[in-house]
Each structure stands twice: as C-alpha cells, then as structure tokens.
**Q** 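Submitted below is the structure of interest, expressed as structure tokens.
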Amino acid sequence: MNNYDTLNPMQRLAVETTEGPVLVLAGAGSGKTRALTHRIAYLIEECGVNPWNIMALTFTNKAAGEMRERVDNLVEFGADSIWVSTFHSTCVRILRRHIECLGYSTNFTIYDSDDQKTMMRQVLKKLDFDPKQYKERSILATISSLKDELISAEDFSARSAGDFRQSRIAEAYLEYQAQLRKNNALDFDDLIMKTVELFRVNPEVLDYYQERFRYIMVDEYQDTNTAQFRLIELLSAKYKNLCVVGDDDQSIYKFRGANIENILEFESAFPGAKVIRLEQNYRSTGNILNAANGVIKNNAGRKDKTLWTENEEGIPVVFRQYDTAYEEADAIAVDIRDRVDSGAAYSDFAVLYRTNAQSRLLEEKCVNRGIPYRLVGGVNFYQRKEIKDILSYLKTIDNGLDDLAAQRIINVPKRGIGATTIGRIMVYAEANDMSFYEACKAADRIPSLGKAAGKIRGFVTQIQSFRSKLAYYSIGDLIEDIVTETGYGEELSADDEVAAETRLENIEELKNKAVAYEESLEDGEEAPTLSGFLEEVALVADVDSMEDSENRVVLMTLHSAKGLEFPRVYLAGMEDGLFPGMMSINSDDPDELEEERRLCYVGITRAQKELILTCARQRMVNGETRFQKPSRFVGEIPPMYLHRQETPSMFSFGGVPVKPMSTGGGSGFRTFGRPAQEAFELPKKEKEPYRPWTAPAARYGKAISGDSGLKETYIGKQFSVSKATSLSYGVGDRVSHVKFGEGTVVDITEQKKDFEVTVDFDKAGRKRMYATFAKLKRC
DNA sequence: GGGCCTCAAGTTTTT
DNA sequence: CTTGAGGCCC
C-alpha cells in the first residue's frame, strides 16, 4: 500500500479527485507525473478500480515508458493490463483490431514523412500539377492540418468548390488518400483520424472501448490537437472520468496543430470539470524560476498562475554574448570541460537550441574538446538511407502491399532494373488493380518487360525465400541475411569503404533493436512479429532512445527537451531572428511570438541548478552571415536574477555594456567575412519588416579543379574494362533491341570508350545509342 | 542504364 | 553550405 502523505495538498487533491472530468494545471516541475502515477495507484488500491479499466495517454514513447515504469513500481498487481502509451500507438493498437470496417486490412503499414513525400510527388506527377506552383511540402502541410482538424478529403473538396487553388489541393488530397488506401498505408495523422472515424461509424466498437477505459488520463494535454481532443472526448463520453494534465504555458506545438483552446476551454467542453492547480515547483532554484516567470508573464491570454518554490535561491542566471557562433560553441565546450574537470558529470549538462542546424558547430566543438555527447534529433536514425533500405525489405517481406517499399529496394542493390522497367510494372499493376509487388510476381505475364522479367523473377524469388524463412528466423537473423544474401553489404563496401563502415554499424544497431524488441516480448502475451517490430520502429522518435544512464552531454532542440530536466542547462543562440525566429517576429499573428516565448519558458524551466544563456553577434545562417542582437527574451528576465557577462567585442556593438570576460576562452579575435563597420550600422535601421543585416552570400568559384585529371584516369580504367574490342555486327546488319525491336545498322563510329551505333528501327525510327548499353543482338 | 556534374532551392520546431 | 533534381555524357 502506498503512502500518499508524501504528496503536497494539491497533488493529493489531484490524486483523490477520481470521478468526473478533472483539469490539472501543472506548472513546470510541479510533479505532475508523480501525481498522475499516484493517481493510478490510488484508483486501484483505494477505489477498487480494475487496472484493466485504466488508460494513460502521452505524446512520446519516452514519457510513456517512464510512466509505465513508475506505475509498475507503484502498483502491485495488474499493472500490465493498464494501457500506458502514446496517442499514436494506442490508435494503432485499436486500428489493428478493427480497421477492416474502414476498408483497410489489419496489417497496414505506417508512412513516415519521407514516404509521404515520395507518395505526394507521385500524386502530383500523376495529376500533372505544376511543381512550381504546387510544392509537395506545402500540400502535405495543408493536408496534415486538415487531418488534425478531422477534415476529410471529401469534406475539403466539397467546401473548396469555387476556389481554384483550393480545389486543386483538394484533388491532390483525394488522390493522396486513394493511393494510401491502395498501398494499405496510413500516415501519422491518419492514425488518429481513422480511429475517430472508426468510433463514429461503428458505435459497438466505441461502446466496447468506452466500457473498457472507464478512467482516462492524458499527459501534456496542452499539446492535443482537435482530432486527439475528439478521440478522448468520444472515449470518455460514457463514464466521463477524464483527467487531463497540462500547462498552457508549455504549449509549443501549435505549428503541428495543437489547439490551445483544448486546455483553455476545458471547463466549458466538460461541464462540471474540477480544476486543480499545481504551482509549487520542485525542480529549479528560485533564480531560475523567477527568470522563467519574468519571461512568461509577457504573454497575454494565459491561465493565470505563478510558480513558486521552496528551493534555495541558487546562483543567478548567466548571460554571455560572443562575437561569433563559432566562439559561442567553443566557449560552451570549454565551460563544460572545466566543470567536468572539477568534478561535474557530463550527464549534468544539456545544451538546448532553437534549430537543428545549430547542432553542427556544437558537435564539432565537443569533439575538439573531447566531450562525449549525445545528439538528439537532427537526422533521425530511422531516416538514414541504409536503415530505410533494410526496413523496406522487411516491409516488403511482411506486407507486400507497400508499393513504396518494394519500389525502393527492387534495384537496391543493383539488379539492373531501371526506371523504365519499374514504370512498366507500375502500369501493369495499376491496370490490373494489384500491388506493385504482386505485379512483380506476375512479371512473366507482362509482355512489355521482355528480358527484364528474368531480373524481376530473381528479385521475387529472393523475397519469397526470405518470407519462408520468417517461420523459423528471428528478425535479427533476417536482417543479417538480407545484408549478405542480396549483396547489399558488398555493394556498400564497394561504394565507399569509410562510409560503409558507419552504415554497417547502423544496420548492426537496427539488428540490436530488433533483438531488443523480440526479447521485450519474450514472455508477454503477444508473440513478437515482423509487423510488430516495424510498427514499433515507425512510431519512435529520437528522444525516446535517450538513455538516462549515459554519462554524456545532451544536445537537442528546445522542442525535444520538453518534459526533461537537467542540473545545468545552456540555451544557445539567444538572438533575435533565431530565437525568436524571424518568421514569428514578422508575423501578423502575435500568438506566433507568444509561442516562441512559451518555448523559451520551457527551455528555462528545464534547468535545476544552473542556467547559462548564450548568443553570438555574428552567425552563419543558410550560407549567409547574419548580425544579430541578443534575444528580446533575455531582456525580459528581471535584471536582479540575471548576471550579464558580455565579452568585449571587436565589433563594439552599439550600446551594450561591456565587461571583462570571466570564463570561457574562445579563440580571441578571429575575423570572418565583413569588417566591423557594416556590422553595427545595420541593427539600427530597424524598418518593417525587421531583418538582421545579412552579408552577401559568399560565392566561391570552382573549388579545386586540379584533381580532375586524376579522376579521369581512374574512371577511364573502369570503363575501358567494359568496352568491347569488337562488335558482333557491322553496318548493314539486321539487329534486334529489347525495347525497339528489329532494325538495320546504318552507322558505327568508334569513340574513346565505346562504340556509337546508329540503327534504323522498323517501328521505332532512327536511334543512336552506345553499344555497351544497347545490348544489340544480330539476327 | 547510370554516374557525374551543374544548377536551383531551401531552413523552424516533430508524433 | 548542403541537399535535391535534372541534364549530359560515356
């Protein structure tokens, strides 16, 4: 039995208010996860609720995992049967059971953003849209926000009548959905939307889940979008025991459809809702908290609350300005180095920044200074080429309906199957209403393929053989097999020795993940399956794999940092134009700036003991040098909690107090690009819209052309091997070609590396081609 | 068929 | 600066 006396009165109230809708407004570091987990324990122990009837929803797998762990520790019996998972995996779990009534089969695949892009490219090509006017990126963004609002392609199409551009986008949306369905695939947004749709069209299914989940808890509620709101609204409609926990000040996902109204209007959406505030912070020092409060109070339209703490005041927040981003990064690295040398652990530190692009420099400097780090985000592990290749194999083996996956690997490694052949198979598949892979299986019946059919057959045989191995192979072994049997590994090494090594390591890592997956289900109720593994992989973010135990500095974006805490935090790149970003500064919508401010608030409140803000006067962004002022957010921190340690500037930047530099070296007076003069004129002429001064993009001529001769020889060698010394046909001979049929040779000219052959084809007309590739046969 | 080169475009933030 | 897509040449 647990002791609930360790909770403070407000937390305790949140735990004991079990019936009806409850909104817990939980400030940063106020122990909300603690309250949530204890609430689950309380429901079971004190209220006799069956664990089976409890569900907890989070946004990230990491959060889910953490909660799961804490619940397991707290609840003696039946913790397994509580559903603790993310919105997305919850929906997948439900859809895997019931999606058939929506016309998909239950082994659907989940498309990530790369897949979406590929698919949309195909859609736009098919519809013959002008790629200048209709960018797949922006169309996908539109579709995504429509889905967040539960607006289907049909709805959108109906409401766009009359607006030309919109109805074209609607066309794309319709076609995109049609393609998804054909591929038996769902994108991220579909997972939520289809589940809501399922509940709407199928009341019995809804009723089943309503009965099952009598107590629902939602973490990070401020980040829910309309679709997610509907989902929990539907699920909780019967018993109305819905407890949401969130902080409107930490709502940072508006760009992704998060609807802040969900939390601001909770009480009117769920009449009779009780509101409980957790305002005592257990995480940060007084100074850090006061700094955070000072910043966030500049936002209008928030639920009024003030965080307080009994923690000690601590040391002041520090602000340092450097001349260049280069020095900023180095100073941070040096700073960490010093502190570790005098006893701190690497894992005490996190460096947070606004954009992923900033990580490069920081990484570089960490390497220079010998600081072990973990980079979270950036290029996702699962987006790496080699990983996607292997996963595409697994998907094809598993599903066979996923055209994108099959098309990706049909010629990887090279099997001599080119775009033309793939195009023909696609045409055939389309005409016969089958999947791409099915069409491959029927390659012999596609007349247009000609000799290519043999190659396709080889590919199909390989896949089929992998399939049959599935029965007695582990997923890890299967991956191993794919790499060796297909020659994938060989091709990698042939291409680039050094790069191949890291690639193979990554594949090794994927294997480890597969093994871990299989072990995690070893004695659970469900058996590990290939589909299960692919699904898990599709739904993980990078933060999820962060190991707490590692002794490394953590580098990540402010967004990724939400929900985490670190003893010492650096916020790098505190500059107007970067953070807050220019988009938000120039926007007509004041809420954009407010969202950035909330992001800043999130960043500040990650710190437990120490917070250091840094910025650079000069920074390269998109290949151009920008001169920037310190972030306005720095100025919003009440001076009494802030210790400014500006370094002296070679730029003598207007009006900023200059103090001697007390820490962090930097490499002194390095200069880049423009002289100081222009540097300080620009920020002065602040006109609309505000834009920091930008140096003309540095244009360098051809870099090094001296090595071309060397390359030539090398290439020449390779080609000369393949060059035929003589041909089996001559001028006037009749020849046949796989594509063009029969014809007469009119001319042959020998060139450096190949023979150029001109042929008059009976049907296809006169063509000129290279002998090596044409593969003409005498007849 | 495909490698290599040139040119253009693009940048928040992510389940 | 870095990635992507199209064109050219072997």
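A, B, ... follow the sequence lines: proteins, then strands. Residue 1 opens every chain. Just so we're clear, the structure is a prediction, and the values are computed from it rather than from any experiment. Only this structure's heavy atoms are used, side chains among them; waters, hydrogens and symmetry mates stay out.
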**Q** To the nearest Å, how far apart are A/I252 CD1 and B/dT12 C1'?
**A** 12 Å
**Q** What integer distance in Å separates A/M582:CE from B/dT12:C1'?
**A** 11 Å
**Q** Regarding A/F87, tell me which of base, sugar-phosphate or nothing describes its non-hydrogen contacts under 4.0 Å with the strands shown.
**A** nothing
**Q** Give the nucleotide from the list B/dT14, C/dA5, C/dT2 with an atom nearest to the side chain of A/R360.
**A** C/dT2
**Q** Evaluate whether atom CZ of A/R360 has more than 12 neighbouring non-hydrogen atoms of other residues, nucleotides or ligands under 6.0 angstrom away.
**A** no
**Q** To the nearest angstrom, how far is A/K562 atom NZ from B/dT15 atom P?
**A** 10 Å
**Q** Expressed as a whole number of angstroms, how long is the span from A/D148:CG to B/dT14:P?
**A** 16 Å
**Q** List in chain and number order the residues that pass ring-ring contact (aromatic ring centres under 6.0 Å, His included) with A/F579, two or more places apart in sequence or in another chain; answer none if no residue qualifies.
**A** A/F633
**Q** Select one nucleotide: of B/dT14, B/dT12, B/dG10, the one nearest the side-chain heavy atoms of A/R354.
**A** B/dT12
**Q** Starting the side chain at C-beta, find the nucleotide from B/dG10, C/dA5, B/dT13 nearest to A/K135.
**A** B/dG10
**Q** Measuring only the C1' atom in each nucleotide, how far is B/dT13 from C/dG4? A whole number of Å is fine.
**A** 22 Å
**Q** Reckon A/N411 has a side-chain N or O less than 4.0 Å from the OP1 or OP2 of B/dG1?
**A** no
**Q** Would you please determine if the base of B/dT13 is stacked by A/F255, with stacking meaning a centroid separation under 5.5 angstrom and planes under 30 degrees?
**A** yes
**Q** Has A/R256 got a side-chain N or O lying under 4.0 Å from the OP1 or OP2 atom of B/dT12?
**A** no
**Q** Can you find a side chain N or O atom of A/N356 that sits less than 4.0 Å from OP1 or OP2 on B/dT13?
**A** yes
**Q** Examine distances only and state if a side-chain atom of A/E595 and a backbone atom of A/K254 form a donor-acceptor pair shorter than 3.5 Å.
**A** yes
**Q** Any idea which of B/dG1, B/dT14, B/dT12 is nearest the A/T421 side chain?
**A** B/dG1
**Q** Whole Å only: how far is the CD atom of A/E592 from the C1' atom of B/dT13?
**A** 12 Å
**Q** Listed by chain and number, what are the side-chain contact (heavy atoms from CB on, under 4.5 Å) partners of A/E363, not counting sequence neighbours?
**A** A/S359, A/Y373, A/L375, A/L555
**Q** Starting from C1' on C/dT3, measure out to NZ on A/K385 and report it in whole angstrom.
**A** 15 Å
**Q** Within less than 4.0 Å of OP1 or OP2 of B/dT14, is there a side-chain N or O belonging to A/S560?
**A** yes
**Q** What is the distance, to the nearest angstrom, from the CD atom on A/E595 to the P atom on B/dT12?
**A** 14 Å
**Q** If only side-chain N and O atoms count, and only distance matters, is there a donor-acceptor pair under 3.5 Å linking A/T58 with A/T86?
**A** no
**Q** What is the separation between atom CG on A/L558 and atom P on B/dT13, rounded to the nearest whole Å?
**A** 11 Å
**Q** Ignoring the backbone of A/T60, work out which of B/dT15, C/dT2, C/dC1 is nearest its side chain.
**A** B/dT15
**Q** Nearest to the A/T355 side chain among B/dT15, B/dT12, B/dT14, which nucleotide is it?
**A** B/dT12
**Q** Counting only side-chain nitrogens and oxygens, does A/T557 get under 4.0 Å of the OP1 or OP2 atom of B/dT14?
**A** yes
**Q** With rounding to the nearest 0.5 Å, note down the distance linking OG1 in A/T33 to CD in A/E66.
**A** 7.0 Å
**Q** With a non-hydrogen cut-off below 4.0 angstrom, is A/R121 in contact with a base, only sugar-phosphate, or nothing?
**A** sugar-phosphate
**Q** Could you say whether A/Q116 or A/E596 is positioned toward the 5' end of DNA chain B, judged by the nucleotide with the nearest heavy atom to each?
**A** A/E596
